[in-house]
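In what follows, a single structure is set out as structure tokens and then discussed.
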Amino acid sequence: MPLSSGPERLRYVEALVIFISGPTLVRPKQIRLTELFTVERVLASRGFRVVSEGAGLDTVLPRNDWPIGEANLVFEVFDNRSKRAELLAFVNDQSVLVADNDVKKLINISGFNTTREAFSHTFEWYVGELLIRRFGAFSSSYSVNVADVMRNSDGETSGDYDVLSVLGTMDVLYLECKSGKFKGKKILNMVERARSLHVSASVMFV
């Protein structure tokens, strides 16, 4: 459902809960599956309640309204291993000389956030967007907090999920994203989170 319209532009929820604005062609019978089969709605149908999810404010572009060109640029940079590595090097040390043109464009966007945490959250957004663009997922959300999810081993709260995606089969996929070093305990925590939410599969995306 369009949020606002004009002669040539529509603002709509393209993926996750980040608004992406840009030119598009909308057919009368077109259904926006990213809105119809949201992670929040599908989990609610299974008895789970989403407390919060990423909305763009914690990414390298800290706002929840992205022009389509900026969204595509973020995706292209994170989708390329060398570009992503160059961006991470810059995030870790702003004195690093950036050579790639796309990375230069991205870091020169007004308000670009150079924190390591913003890079990690943007990586999570990219993984969710990848599932939609390349693998036909209906929707994805990143940095999802689900209420009352407990770890089986110690009874502690464990409702934080890096990426949850509603696949075309209506199965829920959970991905734990790591853009740096991690220990084996993180894998065990991922498995426990997956079991607690009864997802169809879980993936450690490194």
Side-chain angles (χ1 to χ4, degrees), residues 1-5 10-21 24 26-27 29-59 61-66 71 74-75 117 120-178 186-205:
M1 180 177 65
L3 299 180
S4 64
S5 60
L10 293 173
R11 279 181 52 193
Y12 60 93
V13 178
E14 176 73 12
L16 314 181
V17 290
I18 296 175
F19 295 96
I20 300 178
S21 55
T24 183
V26 182
R27 297 183 300 275
K29 296 182 179 180
Q30 184 175 357
I31 299 175
R32 299 202 180 283
L33 299 178
T34 54
E35 295 179 56
L36 185 61
F37 299 117
T38 64
V39 169
E40 181 179 16
R41 179 174 291 181
V42 170
L43 289 184
S45 72
R46 301 180 182 189
F48 295 98
R49 179 172 62 88
V50 171
V51 177
S52 62
E53 53 191 328
L57 299 176
D58 52 3
T59 67
L61 300 181
R63 55 184 182 273
N64 58 12
D65 190 347
W66 292 5
V74 173
F75 183 85
E117 184 178 21
S120 296
H121 283 302
T122 312
F123 181 68
E124 294 170 3
W125 173 85
Y126 155 72
V127 171
E129 185 76 356
L130 177 70
L131 290 168
I132 294 172
R133 294 192 184 200
R134 301 268 174 82
F135 296 96
F138 287 149
S139 66
S140 291
S141 288
Y142 76 93
S143 192
V144 185
N145 183 273
V146 182
D148 303 321
V149 173
M150 310 297 290
R151 275 206 300 265
N152 298 326
S153 62
D154 56 16
E156 293 295 324
T157 302
S158 182
D160 296 322
Y161 295 84
D162 286 351
V163 178
L164 292 174
S165 184
V166 179
L167 303 179
T169 58
M170 292 302 294
D171 291 320
V172 176
L173 174 66
Y174 160 44
L175 296 101
E176 184 72 12
C177 300
K178 297 300 176 188
K186 295 293 185 180
I187 299 176
L188 296 178
N189 289 344
M190 178 193 71
V191 172
E192 289 193 329
R193 287 192 186 99
R195 293 180 64 186
S196 297
L197 202 60
H198 312 299
V199 298
S200 298
S202 56
V203 176
M204 180 69 80
F205 198 109

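In this structure R46 satisfies the salt bridge (charged side-chain N to carboxylate O under 4.0 Å, His left out) test with no other residue, sequence neighbours excluded. Residues satisfying the salt bridge (charged side-chain N to carboxylate O under 4.0 Å, His left out) test with K186, not counting sequence neighbours, are none. Looking at residues two or more places apart in sequence or on another chain, you find a salt bridge (charged side-chain N to carboxylate O under 4.0 Å, His left out) between R63 and E70.
Atom CZ in R195 sits 12.5 Å away from atom CE in M190 (nearest 0.5 Å). If you take CG on N189 and CE on M204, they are separated by 8.5 Å, rounding to the nearest 0.5 Å. The structure places CG of L43 at 12.0 Å from CZ of R49, a figure rounded to the nearest 0.5 Å.
You'll find the side chain of V50 stays beyond 4.5 Å of the side chain of L164, heavy atoms only. With contacts defined as side-chain heavy-atom distances shorter than 4.5 Å, the pair E40/S141 does not qualify. Residues L188 and E192 fail the side-chain proximity criterion, which asks for heavy atoms closer than 4.5 Å.
Shortest non-hydrogen contact noted between V42 and M170 is CG2-CE, 3.9 Å. Closest heavy-atom contact between F48 and H198: CZ-CD2, 3.8 Å. Considering every non-hydrogen atom in both V146 and V51, the closest pair reads C-CG2, 4.3 Å. A pairwise comparison of heavy atoms in S143 and H121 identifies OG-CE1, 3.7 Å as the closest pair. Heavy atoms only, all atoms of each residue included: S202 and L173 are closest at N-CD1, 4.3 Å. Nearest heavy-atom pair across L167 and F138 is O-CD1, 3.5 Å.
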(request) Let me see the working for V149 and Y161 under side chain to side chain contact (heavy atoms under 4.5 Å, CB included), right down to the final yes or no. (result) CA-CA 11 Å; V149 173; Y161 295 84; 3.3 Å; yes
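In terms of modelled atom types and a separation under 3.5 Å, the side chain of T59 and the main chain of L61 share a donor-acceptor contact. Panel note: side chain S140, backbone G128; a donor-acceptor pair is recorded below 3.5 Å. Checked by atom type and distance alone, the side chain of Y142 pairs as donor or acceptor with a backbone atom of G56 at under 3.5 Å. D162 places a side-chain N or O within 3.5 Å of a backbone atom of C177 that can act as its donor or acceptor partner. The closest donor-acceptor contact from the side chain of S165 to the backbone of S139 lies under 3.5 Å.
Ring orientation note: the planes of F75 and W125 are nearly perpendicular, at an angle over 60° on the 30°/60° scale. The aromatic rings of Y126 and F205 stand perpendicular to each other, their planes meeting at an angle above 60°, with 30° marking the opposite boundary.
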